[in-house]
Amino acid sequence: MMSYSSHSQHQTAPPQRWAIVGGGMLGMTLAHRLAQEGQHVTLFEGANELGGLASAWQFGDTLWDRHYHVTLLSDLRLRSLLQELNLEQEMVWRKTKTGVYADGELYSVSNAVEFLQFPALGWLDKFRLAFTIWYGSKIKNGDKLEQISVVDWLCRWSGKRTFEKFWLPLLRSKLGSNYRKASASFIWATIARLYAARSAGLKEEMFGYLPGGYHRLLSHFAQRLQQEGVEIALGHRARQIYSTNSGRVCIELANARQETFDQVVVTTATPVASQICGELSDAEHRCLNGIEYQGIVCASLLLKKPLSSYYVTNITDDGYPFTGVIEMTTLVDRAVFADRQGNPRSLVYLPKYVPSNDSALQLADGQVRQAFLDGLSRMYPAFHASDVLDFQLSRVKYVMAVPTLNYSRNIPTFETSVQGLHLVNSAQIVNATLNVNDTLKLAEQAMPQLLARSRKRRTPVLAV
Ligand SMILES: Cc1cc2nc3c(=O)[nH]c(=O)nc-3n(C[C@H](O)[C@H](O)[C@H](O)COP(=O)(O)OP(=O)(O)OC[C@H]3O[C@@H](n4cnc5c(N)ncnc54)[C@H](O)[C@@H]3O)c2cc1C
């Protein structure tokens, strides 16, 4: 068990009542670690299930992730959590292939030889691209890269053509049109994740999944939390959080119920945190609302036939309604999604990353479906709309913070001006991409500070 407190502190500090707002992987991990430290924890989740972005929905007869999720062999923190939950030994690891759709053709760029054959780039372009990746992998500290835009940095080292044919599709596949606002630290973090296997002492990177998907991880995690005494309150949306006269923190729920705690940790996106933590200072509200978010419209399709052999296909050509194609069943066996007659099925995700205020988040289902299926037909001549057995759409306004210029200077701290109220959220992940492994790292970083602050003597705001 991970311990954040020295033995003597642990003995002298009586347990406190903690509330965690947000039952995604971050909130669940904080609840787990606090319970392991002997604290009394209640986890409030607004939805009727745990998991947030990692939660599942139904595909035919199978429950699987609402958004595509893959675990890397180098995701050591996540694998260690899976070990704690006694699930790590079940992980299935595979090598996957990567495709690029350029000039109306689909190419494999899954290894160095294929990459050298990729016709959309000349030899000099390829050399500059390889140099950029090598150079990026040698940079140890990404702080300076926060000061330069990702477009300028990539054009400087890779050249304009390589930028347009290679980097731009990759940036669009993660940031949509927000790539124009991102700093070079975004691509540095992406390259670092590419090299993470090597840094972790592994021979090669592999992609993995847990049979049963995140749903299985989440249900084991929820059981563990309950065994540790965590009270899980689903369908309990926090409406307002404020301090009480006795120096404690009260949560008012959407059903008007109120509960008071010694410590409250809010893990939601920063604009939501600003909305529900009305007592924060003006400067804190400005900081929380100043962070720009990336939203997503993400379609999940269950298909009769596979589209390709690539896990990810980045799209170079303009005019496609989605920013990439993720064919999950190049990693997960198609048999997992078989129908009752045993016919295997393919699971494909079509993400469209957009700014959080983009009108695409408001488009009607039918409109998105039509545009996405037309896009697929243009990319894959063998695809027919009649191959689609199931089409579901997820829309999320706040997926991840856009790593804008000088991002790390403008993020909220864990502590707030309201005694006993703490903010821990994915916007505090700097120089990294959004992934569960880095989310767990954030929870580990926050724990010592949360515990230390909670031990400071509580001073009542007003004597009663
Ligand atoms: C399309 C997509 C693909 C991804 N692919 C991968 C991948 O391949 N590998 C990987 O490792 N990661 C991936 N991720 C990232 C991963 O899902 C996130 O890093 C992780 O789930 C973030 O967890 P979180 O708890 O910080 O946030 P969330 O999951 O957003 O959790 C926040 C929770 O707070 C709840 N909430 C909000 N407001 C309130 C309120 N007022 N009261 C109570 N509860 C509230 C929400 O309902 C939600 O459950 C992907 C994400 C997306 C969207």
Side-chain angles (χ1 to χ4, degrees), residues 19-31 42-56 65-72 74-79 81-82 96 173-174 176 193 196 207-210 213-214 217-218 221 232-241 251-255 264-277 293-300 311-312 322-324 326 328 331-332 349-354 393-401 423-429 432-443 446:
I20 309 286
V21 176
M25 282 301 289
L26 180 57
M28 292 175 81
T29 306
L30 288 169
T42 304
L43 178 60
F44 289 103
E45 167 53 50
N48 291 325
E49 69 207 337
L50 290 171
L53 296 174
S55 62
D65 311 352
R66 188 185 300 261
H67 304 112
Y68 50 95
H69 276 78
V70 71
T71 299
L72 305 193
S74 56
D75 282 343
L76 300 182
R77 284 186 179 82
L78 174 53
R79 289 176 61 195
L81 175 68
L82 287 164
T96 57
S173 76
K174 287 283 173 199
R193 193 153 163 80
F207 280 14
Y209 70 94
L210 180 68
Y214 258 79
L217 187 163
L218 292 167
F221 204 178
I232 300 175
L234 298 179
H236 283 63
R237 189 161 294 279
R239 190 161 65 184
Q240 208 39 248
I241 300 175
I251 301 186
E252 185 188 299
L253 296 161
N255 62 6
V264 172
V265 187
V266 176
T267 71
T268 66
T270 56
V272 177
S274 168
Q275 240 171 47
I276 61 180
C277 303
Y293 270 83
Q294 182 80 336
I296 195 171
V297 178
C298 187
S300 316
Y311 175 73
V312 178
F322 33 80
T323 47
I326 287 85
M328 200 68 201
L331 174 65
V332 181
Y349 294 92
L350 301 176
K352 181 182 177 67
Y353 283 96
V354 291
L393 269 183
S394 157
R395 296 177 183 82
V396 186
K397 189 169 180 187
Y398 303 122
V399 171
M400 64 174 243
L423 301 177
V424 182
N425 60 58
S426 63
Q428 292 156 334
I429 299 175
T433 57
L434 180 74
N435 60 73
V436 173
N437 197 60
D438 279 297
T439 301
L440 302 187
K441 182 175 170 193
L442 176 69

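Both counts, for ligands and for their atoms, begin at 1 and track the order of listing. These values consider heavy atoms only, across backbone and side chains, with no hydrogens, waters or symmetry-generated copies.
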> Give the minimum heavy-atom separation between Leu210 and Leu217, together with the two atoms involved.
CD2-N, 3.8 Å
> Could you label the plane-to-plane angle of the Phe44 and His236 rings as parallel, tilted or perpendicular, counting under 30° as parallel and over 60° as perpendicular?
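If you compare the ring of Phe44 with that of His236, the planes turn out tilted.
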> List ligand 1 atoms under 4.0 Å from Gly52, heavy atoms only on the residue side.
29 (O), 48 (C), 49 (O)
> Examine Tyr214 against ligand 1 and note whether any of their N/O atoms are separated by less than 3.5 Å.
no
> Side chain, backbone, both or neither: which applies to Val272 and ligand 1 if a contact is any heavy-atom pair less than 4.0 Å apart?
side chain
> Just to confirm my output: which protein heavy-atom neighbour is closest to atom 43 (C) of ligand 1, and how far is it?
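That would be Gly46 N, 3.3 Å.
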> Pick whichever of Ala427, Ala269, Gly24 has a heavy atom sitting closest to atom 31 (O) of ligand 1.
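It is Gly24 that holds the nearest heavy atom.
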> Identify which one of Tyr214, Tyr349, Tyr209 satisfies the ring pair (Phe, Tyr, Trp, His ring centres under 6.0 Å) criterion when paired with His69.
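Of Tyr214, Tyr349, Tyr209, ring pair (Phe, Tyr, Trp, His ring centres under 6.0 Å) with His69 is met by Tyr214 alone.
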> Report yes if the side chains of Glu45 and Ile232 come closer than 4.5 Å at any heavy-atom pair, otherwise no.
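Of all side-chain heavy-atom pairs linking Ile232 with Glu45, none is under 4.5 Å.
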> Just heavy atoms, cut-off under 4.0 Å: does Tyr68 contact ligand 1 by side chain, backbone, both, or neither?
both
> Could you tell me whether the side chain of Thr439 reaches within less than 4.5 Å of the side chain of Ile429, counting heavy atoms only?
yes
> Looking only at distances, can you tell me whether any N or O atom of Glu45, backbone or side chain, sits closer than 3.5 Å to an N or O atom of ligand 1?
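The answer is yes, given that Glu45 and ligand 1 share an N or O pair closer than 3.5 Å.
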> Under 3.5 Å, is there a donor-acceptor pair between the side chain of Tyr68 and the main chain of Pro351?
no
> Can you find an N/O atom of Ala238 closer than 3.5 Å to an N/O atom of ligand 1?
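Yes, Ala238 has an N/O under 3.5 Å of an N/O on ligand 1.
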> Using modelled atom types only, decide if a donor and an acceptor are shared between the side chain of Thr29 and the backbone of Met25 within a distance under 3.5 Å.
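Yes, the answer is positive, given that a donor and an acceptor are paired below the 3.5 Å cut-off.
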> Does atom 41 (N) of ligand 1 have a protein heavy-atom neighbour under 4.0 Å away?
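Yes, there is one.
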> Among all protein non-hydrogen atoms, which one is nearest to atom 30 (O) of ligand 1, and what is the separation to 0.1 Å?
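The protein heavy atom lying closest is Leu53 CG, 3.6 Å.
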> Does the side chain of His67 reach to within under 4.5 Å of the side chain of Val396, using non-hydrogen atoms?
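A side-chain contact under 4.5 Å exists here.
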> So which heavy atom on Leu26 is nearest to which on Ser426, and how close?
CD2-N, 4.2 Å
> Using side-chain heavy atoms (C-beta onward) and a distance below 4.5 Å, is Asn437 in contact with Leu72?
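Counting from C-beta outward, Asn437 and Leu72 never come under 4.5 Å.
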> Might you point out which heavy atoms bring Leu234 and Asn48 nearest each other, and give the distance in Å?
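Taking every non-hydrogen atom into account, CD1-O, 3.5 Å.
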> Ala273 and Val266: which non-hydrogen atoms are nearest, and at how many Å?
CB-CG1, 4.0 Å
> Counting heavy atoms only, which of His69, Met28, Arg239, Glu49 is nearest atom 13 (C) of ligand 1?
His69
> Going by the order shown, which atoms of ligand 1 are within less than 4.0 Å of some heavy atom of Phe44?
43 (C), 44 (N)
> Any nitrogen or oxygen of Val399, main chain or side chain, under 3.5 Å from a nitrogen or oxygen of ligand 1?
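In this structure, Val399 places no N or O atom under 3.5 Å from an N or O of ligand 1.
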> By the definition side-chain contact (heavy atoms from CB on, under 4.5 Å), identify the one residue from Thr42, Leu43, Leu423, Thr268 that meets it with Val21.
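Exactly one pass, corresponding to Thr268.
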> Suppose I only count heavy atoms of Leu434 and a 4.0 Å limit; which atoms of ligand 1 are within that range?
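In order of numbering, the contacting atoms are 15 (C), 19 (O).
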> Using a 3.5 Å distance criterion without hydrogens, assess whether the side chain of Asn435 forms a donor-acceptor pair with backbone atoms of Thr433.
yes
> Enumerate the atoms of ligand 1 whose separation from the nearest heavy atom of Asn435 is less than 4.0 angstrom.
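Listed by number with element, the hits are 10 (C), 11 (O), 12 (N), 19 (O).
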> Looking at Thr267 and Asn425, would you say the former's side chain and the latter's main chain have a donor-acceptor pair under 3.5 Å?
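No: the side chain of Thr267 does not pair with the backbone of Asn425.
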> What residue and heavy atom of the protein are closest to atom 22 (C) of ligand 1, and at what distance?
Thr439 OG1, 4.1 Å
> Can you name the atoms of ligand 1, numbered from 1 with element, that are less than 4.0 Å from a heavy atom of Gly51?
29 (O)
> Please work out whether any backbone atom (N, CA, C, O) or any side-chain heavy atom from C-beta onward of Val21 is under 4.0 Å from ligand 1, and answer side chain, backbone, both or neither.
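For Val21, only side-chain atoms sit under 4.0 Å from ligand 1.
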> Considering only the protein, which heavy-atom contact is closest to atom 23 (O) of ligand 1, and what is its distance?
Met25 N, 3.9 Å
> So for ligand 1, is Val70 a polar contact partner (N or O within less than 3.5 Å, distance only)?
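Indeed, backbone or side chain, Val70 has an N or O that close.
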> Quick test: of every protein heavy atom, which one is nearest to atom 52 (C) of ligand 1, and how far off is it to 0.1 Å?
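Answer, as residue, atom name and distance: His67 CB, 4.0 Å.
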> Among all the protein's non-hydrogen atoms, which is closest to atom 34 (O) of ligand 1, and how far away is it?
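Answer for atom 34 (O) of ligand 1: Gly22 CA, 3.2 Å.
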> Could you see which bit of Val436 sits under 4.0 Å from ligand 1, with heavy atoms only: side chain, backbone, both or neither?
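The answer is both.
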> Below 4.0 Å from any atom of ligand 1, is there a heavy atom belonging to Tyr353?
yes
> Under 4.5 Å between any side-chain heavy atoms of Met28 and Leu218, yes or no?
yes
> Taking heavy atoms and a distance under 4.0 Å, where does His236 meet ligand 1: side chain, backbone, both or neither?
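For His236, the contact with ligand 1 is made by the backbone alone.
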> Between the candidates Ile296, Leu253, Thr268, which shows the shortest non-hydrogen contact distance to atom 38 (N) of ligand 1?
Thr268
> Which protein heavy atom lies closest to atom 25 (O) of ligand 1, and at what distance to 0.1 Å?
Leu26 N, 3.0 Å
